[in-house]
Protein chains: 2
Amino acid sequence: MAYFDAASAAPLHPVARQALLASLDEGWADPARLYREGRRARLLLDAAREAAAECVGCRPDELVFTPSGTRAVHSGVAGALAGRRRVGRHLIVSAVEHSSVLHAAEVHEADGGSLTQVGVDRTGAVDPAAYAAALREDTALACLQSANHEVGTEQPVTEVAEVCRAAGVPLLVDAAQSLAWGRVEGGWSLLAGSAHKWGGPSGVGLLAVRKGVRFAPQGPGDERESGRAPGFENLPAIVAAAASLRAVRAEAAAEAARLRELTERIRARVPALVPDVEVVGDPARRLPGVVTFSCLYVDGETLLHELDRAGFSVSSGSSCTSSTLTPSHVLRAMGVLSEGNVRVSLPPGTAAEDVERFLEVLPGTVAAVREKLGAPAATETVRAAGPDLVVDALGRRCPIPVIELAKVIGDVPVGGTVRVLSDDEAARLDIPAWCEMRGQEYVGEEPADRGTAYLVRRIT
Amino acid sequence: MAYFDAASAAPLHPVARQALLASLDEGWADPARLYREGRRARLLLDAAREAAAECVGCRPDELVFTPSGTRAVHSGVAGALAGRRRVGRHLIVSAVEHSSVLHAAEVHEADGGSLTQVGVDRTGAVDPAAYAAALREDTALACLQSANHEVGTEQPVTEVAEVCRAAGVPLLVDAAQSLAWGRVEGGWSLLAGSAHKWGGPSGVGLLAVRKGVRFAPQGPGDERESGRAPGFENLPAIVAAAASLRAVRAEAAAEAARLRELTERIRARVPALVPDVEVVGDPARRLPGVVTFSCLYVDGETLLHELDRAGFSVSSGSSCTSSTLTPSHVLRAMGVLSEGNVRVSLPPGTAAEDVERFLEVLPGTVAAVREKLGAPAATETVRAAGPDLVVDALGRRCPIPVIELAKVIGDVPVGGTVRVLSDDEAARLDIPAWCEMRGQEYVGEEPADRGTAYLVRRIT
């Protein structure tokens with residue numbers, strides 16, 4: 001059994017476990033109290049803050065612990081926006097941020113604030129020039145992740161921070177995915193992290209706010225954590241979080257090189273082993289342990305289920321694996337195929353044999369799913385027919401619309417068109433992506449009586 | 001060494017420790033994922049929710065886990081107020097609620113809502129009739145603690161819930177102090193609790209919202225915990241919290257009887273052992289493990305420090321132990337003496353010998369603190385002087401103003417007055433309390449050139 005979903009949550013690092021156990025006995029009392037148990041708890045909290053600040057690259061008094069990375073982002077966005085309310089109410093985020101940032105942005109918009117989403121290229125990266133173009137007189141805050149959680153692409157944080165600094169706008173960096181690997185370089189203003197992504201326990205996030213950044217905590221507060229994170233400190237877990245961050249950093253360089261080699265194997269070999277696959281994300285500027293690919297004609301949920309049965313735990317941005325039946329907003333923003341999407345994120349310590357076994361198992365698993373769905377064979381027979389065809393895929397979910405398209409494309413002559421009727425949200429992303437992979441021309445979409453009509457012209 | 005501050009935080013229950021350790025291995029993955037590690041985590045989360053709901057007395061789907069009791073209160077108050085916004089924006093709280101409730105109320109007021117604080121009697125209890133009188137057409141929510149955290153007085157929750165129900169107003173009960181001892185009876189609508197008060201780990205609170213109560217979560221949310229508590233679940237700690245709640249409940253009846261007998265010893269014997277002491281809080285309707293008293297002519301911070309040196313960890317509502325130099329809002333609302341205030345809150349398992357040793361140590365400790373401060377002896381010599389005296393205690397902190405008053409009261413004839421000038425916030429509470437304890441007449445206060453003048457007439 002191999003757990004390949006470290007980008008969701010990493011198993012507890014042995015150092016975290018050790019520190020947690022030790023501080024269960026020493027760190028349960030209220031660190032605000034003056035008696036011995038309280039003073040002991042305060043010492044542990046102070047030491048954890050210093051260790052975490054050292055790893056983040058900030059001063060201890062700039063860093064507070066929050067109940068999760070999500071809460072760190074929510075508090076950070078709200079506090080920074082409120083702190084600069086007099087400047088304006090414009091917020092900039094990238095289109096591929098973690099949902100916690102996007103939810104905070106939604107609340108800001110619902111409350112009358114304005115929002116610009118900066119798009120990404122096909123690798124998932126933003127362009128610093130696009131941030132520069134989005135900045136306005138009334139921009140209160142910009143947000144950018146250090147690296148993307150679904151495809152692993154690293155963002156040009158240093159350059160975007162420079163652009164923001166020139167405009168006097170603070171930049172909040174969601175560093176959840178990268179903090180295990182190193183400090184976030186560049187002149188960021190606020191930074192959020194999440195302990196269970198680096199092998200710490202759940203229940204701990206961190207928020208750093210640089211001195212000089214205007215910050216007004218929102219909602220009810222108390223005297224804890226500089227007034228920025230109310231409620232009794234989750235102390236033994238905080239101690240474990242700081243200890244494990246230090247521990248993973250000590251191993252980071254060696255482990256990054258090792259995992260990068262393992263994910264490189266997947267990047268290189270999956271397209272060779274499995275027909276009709278698109279590997280997504282930047283091939284070079286990426287997190288060491290994350291690799292993401294999408295398989296044509298595959299139902300993501302069935303694929304995950306089959307991989308789980310084969311002993312591999314991975315995640316997916318396919319629409320059929322989400323409760324809303326829409327593909328991941330990241331894959332959508334990148335404009336890449338979402339069907340049969342698989343994210344492999346290797347935890348530190350992953351054995352090379354497990355990766356090899358995954359590469360052995362994957363082709364057969366994908367083929368079996370495709371066969372069950374009646375997907376077309378990789379090479380299609382050319383069958384001449386009328387110049388134009390209509391495929392009615394209404395009521396059918398991803399990947400069926402694409403499968404039906406692929407089945408009939410050979411039935412129209414070169415220059416002929418196929419019109420796919422679909423009411424599945426994933427088709428909007430996956431039909432153009434299929435065209436790009438297959439060298440066919442995607443003409444565009446138009447509203448139909450029911451659903452949407454997607455027009456494809458046969459080129460080859 | 002004896003830890004007598006369980007009302008702040010209880011040491012980890014052995015069952016909590018055990019459950020935490022077991023679920024560190026089984027419960028670190030994302031319970032929203034479909035692979036085996038995620039399904040295992042989901043099973044643990046579901047089981048913990050069922051156990052906690054059973055202890056609270058609600059349905060599992062009415063209960064969510066939050067990062068702390070404070071966050072449960074904040075979310076509960078905000079969500080209930082927003083859910084009934086169309087009814088109105090009036091909020092009722094008691095004057096002796098935990099600061100988390102009062103902070104939420106402050107935010108509501110700052111946001112344009114209206115607020116009624118219901119006062120308490122000298123024992124710290126509210127009168128259901130006062131809640132009835134406070135209810136208005138536009139009341140959106142009422143809040144009442146199940147028992148007070150500083151003096152242990154139990155509130156008439158059932159009666160207040162009945163009054164609220166008759167008016168169609170939901171009642172939120174902060175049950176942080178009592179949940180270890182049993183369910184909150186009566187028709188409450190929302191209930192908040194905090195695991196580290198019952199021997200669970202820190203980092204876990206709970207919020208129950210009865211079906212049918214209008215509730216609109218505020219701030220950014222996500223799909224976790226029914227949309228009411230965003231962020232990755234603090235799972236191993238949640239499992240430990242639920243397991244320990246069940247465990248303390250199994251022991252609750254026997255342990256309550258035992259602790260009640262121990263606190264009764266303190267209630268009865270401290271006034272006999274230490275002169276000039278006021279034991280506060282309801283003598284009968286009270287939490288089993290909490291007893292609070294105040295010592296005239298004593299500096300609370302020094303007393304806590306000396307008790308800590310003697311091996312006892314207690315807390316205090318005295319002004320000198322708070323960063324704001326104001327006495328506890330609870331003691332103020334009760335109108336009782338705040339100087340030299342000591343709260344003893346016994347954790348389950350407290351040994352009778354420790355309580356006996358506390359009773360041995362306390363008289364000498366208080367006497368030493370008084371001597372250092374130059375406090376008057378318990379019996380004052382009567383010295384005849386002019387009919388009126390002025391004591392200038394400006395710039396002197398609690399308990400000095402009261403000490404100075406006590407020193408000179410014998411210098412004026414019966415019927416004469418002492419005018420105490422003080423700029424210490426505690427004097428406003430402690431001078432009237434001293435008069436009541438001493439059988440002197442407190443005439444009232446008036447503004448002075450600097451600070452306030454407190455007028456006392458000698459009666460005996």
Side-chain angles (χ1 to χ4, degrees), chain A residues 1 3 5 8-12 17 20-21 24-25 28-30 33-38 66-71 73-74 77-78 99-100 103-104 106-107 194 196 201-205 218-223 230-237 301 304-305 307-308 312-315 321 323, chain B residues 1 3 5 8-12 17 20-21 24-25 28-30 33-38 66-71 73-74 77-78 99-100 103-104 106-107 194 196 201-205 218-223 230-237 301 304-305 307-308 312-315 321 323:
Chain A
M1 288 184 300
Y3 177 77
D5 197 23
S8 281
L12 206 60
R17 194 187 170 92
L20 186 65
L21 289 188
L24 284 179
D25 297 327
W28 51 269
D30 185 345
R33 299 291 179 185
L34 299 175
Y35 43 68
R36 73 195 65 208
E37 295 87 352
T66 65
S68 63
T70 291
R71 304 255 182 170
V73 164
H74 292 173
V77 170
S99 56
S100 59
H103 290 148
E106 279 164 25
V107 166
S194 172
H196 75 103
S202 52
V204 182
Q218 296 302 287
D222 59 21
E223 76 288 0
F232 197 86
E233 292 91 348
N234 188 8
L235 193 46
E301 186 167 3
L304 256 54
H305 181 67
L307 286 172
D308 177 47
F312 297 96
S313 302
V314 299
S315 82
T321 59
S323 53
Chain B
M1 288 185 297
Y3 177 78
D5 197 22
S8 281
L12 206 61
R17 194 188 169 91
L20 185 64
L21 289 189
L24 284 180
D25 297 327
W28 52 269
D30 185 346
R33 300 290 178 185
L34 300 175
Y35 43 69
R36 74 195 63 208
E37 295 87 351
T66 65
S68 64
T70 292
R71 303 257 182 169
V73 165
H74 292 173
V77 170
S99 57
S100 59
H103 290 149
E106 280 165 25
V107 165
S194 172
H196 75 104
S202 53
V204 182
Q218 295 301 287
D222 60 21
E223 76 289 359
F232 196 86
E233 292 90 348
N234 188 8
L235 193 45
E301 184 167 3
L304 256 54
H305 180 67
L307 286 172
D308 177 46
F312 297 97
S313 302
V314 299
S315 82
T321 59
S323 53

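This one's a predicted model, so the numbers in the text were calculated from it and none came from an experiment.
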Indicate the atoms forming the closest heavy-atom contact of [X] with [Y], along with that distance.
X: B:D308; Y: A:L34; value: OD2-O, 4.3 Å
X: A:Y35; Y: B:V314; value: CD2-O, 3.3 Å
X: B:H74; Y: A:P230; value: CE1-CB, 3.9 Å
X: A:R17; Y: B:L21; value: NH2-O, 4.1 Å

> Taking only residues two or more places apart in sequence, or in another chain, which ones meet A:S315 in a side-chain contact (heavy atoms from CB on, under 4.5 Å)?
Replying inline: A:D5, A:R343, B:R33
> Where does A:Q218 contact chain B at under 4.5 Å (heavy atoms): side chain, backbone, both or neither?
Replying inline: neither
> Which atoms of A:A104 come close to chain B, meaning under 4.5 Å heavy atom to heavy atom: side chain ones, backbone ones, both, or neither?
Replying inline: both
> If we only count heavy atoms from C-beta on, is the B:S202 to A:P236 side-chain gap below 4.5 Å?
Replying inline: yes
Using a cut-off of under 4.5 Å for heavy-atom pairs, which of [options] has the most such pairs with chain A?
options: B:R71, B:H305, B:E233; answer: B:R71
options: B:G221, B:G205, B:P201, B:S99; answer: B:G221
options: B:P67, B:S68, B:A29; answer: B:P67
options: B:L24, B:L12, B:D30; answer: B:L24

> With only heavy atoms counted, which part of B:A78 is less than 4.5 Å from chain A, the side chain, the backbone, both or neither?
Replying inline: neither
> So which part of B:E301 gets closer than 4.5 Å to some heavy atom of chain A, the side chain, the backbone, both or neither?
Replying inline: side chain
>> For chain B, which candidate among A:A9, A:G231, A:P11 shows the most heavy-atom pairs at distances under 4.5 Å?
In response: A:P11
> Parallel, tilted or perpendicular: which fits the ring planes of A:H196 and B:F232, with parallel below 30° and perpendicular above 60°?
Replying inline: parallel
> Got a second to check how far A:R36's CZ is from B:S313's OG, nearest 0.5 Å?
Replying inline: 6.0 Å
